[in-house]
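A short write-up of the structure that comes next.
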Amino acid sequence: MLKKKVSIIILTWNGLDYTKKCLHSLKPTIENEGNVDVYVVDNGSTDQTVKYLKTLDWITLIENHKNMGFVRGNNVAIKMIQDGDIVLLNNDIIIEQSDWLIKMQEVADSEASIGIVGCRLVNEKGEFLHAGTYIYPDTYWGQQIGGNQKDIGQYSITREVEGVVFACAYIKRAVIDKIGGLNERFFSYFEDTDYCLSAKKAGFNVVCAGNVTLIHYQNTSVNINHANFSDMFLKSQSTFKKIWHKDLSKKYTARLAWHSIVNFPSGYAVSAKNMMLALEELNVDIRYQYVYGYGTPYPVEEPKLSDDYRINIIRKRRFDKKCPQIVYGQGDVFKSNTGKYKIGFTMLETTGIPKEWVRQCNMMDEVWVPSTFNKKTFRSSGVKVPIRIMPLGVDVNYYNPEIISYKKHEKFVFLSVFEWGERKAPELLLRAFSNTFSQKDDVILICKVINNDPQVHVKKQIQKLRLTENGPEIILLLNVKFPDYEMAALYKSADCFVLPTRGEGWGMPILESMACGVPAIATNWSAQTDFFNDINGYPIAVKKLIPAKAKCPYYKGFQWAEPDEEHLMYQMKYVYEHREEAKQKGRQASDEVAQKWTWTHTAQKIKSRIEIIK
């Protein structure tokens, strides 16, 4: 039952079939919740819409007799409703979640500062559309967060956003009383972003309720009525720019120049992208420049365009050498830093770093590393300039316990995600798993493996291990590619993550699995010990330090850890036999990640530092 009155406004302009579906899906809400009024505003429909609406005794029909546009059409009803909160709802919305309105009201009333609440929207195929909006002053082209992804439960966390799509928007009475109805300088399009920015300017927050999901067909009125979308959009965009240019041009409170790779499948690229986007959300003006060879000992040519609109905008900005400048990549590319204040940001997985790295680190004004482990090894190797810890993170909108699982069976699943190579100790993992369990055990090990070296034959190397013939099932996903955002669903399909790594510069897969609430088994050495311990996971003891034998020249002369194989076997068996305890640790790990180890936390630390530098 709703705690206070809500009036739902639905605008129609032909499209009777969609209107019928919408109202049919809405009626259970009216019958079950009470304290709800429904106003349907018709904008001069010429089909049978009005005739149908007159047959419904549970709605209030308002006839405009002509198309007044989205803004004026809704405002007719808004002006009539003198009390209670208002929900704007498109007639191409389908409601399948019975408690959607209660949830939205609960979110709206959870804080007095919240003024507008949107929700997750998916299309009729079940594909995720968006969960909020944003607009950059570079283009004044409104964008929806997410879009055309498989719905895996992403953005299920309620969070503050710049704007929401008014296909479904819960507007509190306090907002209407303070700023009135929609801005009638708009006909259709941009009015929702304008209203959200106006509400924020008036002191209200705009949030997206991650626990509410509705189905949205999108742009049906335009398509059905053969309206000129481009003409309406461009006129509204021009109006929006005139209104908001001054405010949006002042949104940035700091500026940072960033050198790295971002449009390439590597650890540096993925983390660079996430840090830049998180900094943008904190109103840091990022100026990005790609230089051939950054971030990898094997130079690569980066694609000019990203699949992320935001990154493409950032890349088009003029690079600024006067603000603090970061080179984020391997330590031997720091020399390319051209900034007035030079920062080198890197990491390595061994007990020391090469002399060339040390030399170039000492050319910087300061060096950033993600972990305590890296700070110690860099300092002991001879880095004299200040070293600051800037931890990496995860996107909890995608990596959280609410993400769906692909698991369709009862077997206990161990999962490992790594690039094939000695540093990840794959031979130790496979041997330990094979010797711990048998075919009789209801257990599987899934290894998602990337192998970029054509001279390495993974399957032949596995054959050389001569694993137990009657051993447990092992599934090898070798170079299987799918969108990065779906990795969270893979983690959630496992009961335990395991990685007997010999050394990590950060340990992203470990943190990602923890964020999803999956208990982790990993080596108790190197960078991950900053966020991984025996309270939130199952550390593997280190047997001894051994020479780093990988082909990479950066490792020459240094050491990494040799995980204790017997202890790895013990930990896997223990987790398998103590599942409830493991689940509890997974939940605790997820809570800790959300509280301390997100990209937002990373960006906040970076922003705080560059504000001091400037």
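Please read all numbers here as calculations on a predicted model, not as lab measurements.
The residues Lys5 and Asp37 are annotated as salt-bridged, a charged nitrogen and a carboxylate oxygen being separated by less than 4.0 angstrom. In this structure, Asp138 does not pair ionically with Lys316, as no charged nitrogen and carboxylate oxygen lie closer than 4.0 Å. The existence of a salt bridge linking Asp495 and Lys411 is excluded, since no basic side-chain nitrogen approaches an acidic carboxylate oxygen closer than 4.0 Å. Between Arg120 and Asp151, at least one side-chain N (NZ, or NE/NH1/NH2) sits under 4.0 Å from a carboxylate O, which counts as a salt bridge.
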Discussion item. Show, in sequence, the C-alpha distance, side-chain angles and deciding distance for Ser306 and Lys273, and conclude whether the side-chain hydrogen bond (donor to acceptor under 3.5 Å, both in side chains) test is met.
Written reply: CA-CA 10 Å; Ser306 168; Lys273 173 181 175 180; 4.7 Å; no
Worksheet item: How far apart are the C-alpha atoms of Ser271 and Trp599, what are their side-chain angles, what is the distance that settles it, and do they pass the side chain to side chain contact (heavy atoms under 4.5 Å, CB included) test?
Response: CA-CA 9 Å; Ser271 51; Trp599 290 119; 3.6 Å; yes
Worksheet item: So Lys3 and Asp109, salt bridge (charged side-chain N to carboxylate O under 4.0 Å, His left out) or not? Walk me through it.
Response: CA-CA 10 Å; Lys3 293 184 178 180; Asp109 291 341; over 6 Å; no
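Taking CD from Gln48 and CG from Asn14, the interatomic distance works out to 10.5 Å, rounded to the nearest 0.5 Å.
Contact check for Lys448 versus Phe418: no side-chain heavy atoms found under the 4.5 Å cut-off. Contact check for Tyr134 versus Thr193: no side-chain heavy atoms found under the 4.5 Å cut-off.
No close placement of the Phe187 and Phe70 rings is indicated, their centers lying 6.0 Å or farther apart. If you look at Phe190 and Phe233, their ring centroids are closer than 6.0 Å. The distance between the ring centers of Tyr398 and Tyr155 falls below 6.0 angstrom.
Ile286 and Ile314 get closest at one heavy-atom pair: O-CG2, 3.6 Å. Between Ala169 and Val164, the shortest heavy-atom distance links the atoms CB-CG2, 4.5 Å.
The closest side-chain donor-acceptor pair between Asn123 and His216, if any, does not fall under 3.5 angstrom. A donor atom on one side chain and an acceptor atom on the other are found under 3.5 Å apart for Asn75 and Glu184. Under the 3.5 Å distance criterion, with hydrogens and angles disregarded, no donor-acceptor pair is assigned to the side chains of Asn183 and Tyr195.
Tyr140 and His245 have tilted rings, their planes meeting at an angle from 30° to 60° on a 0 to 90° scale.
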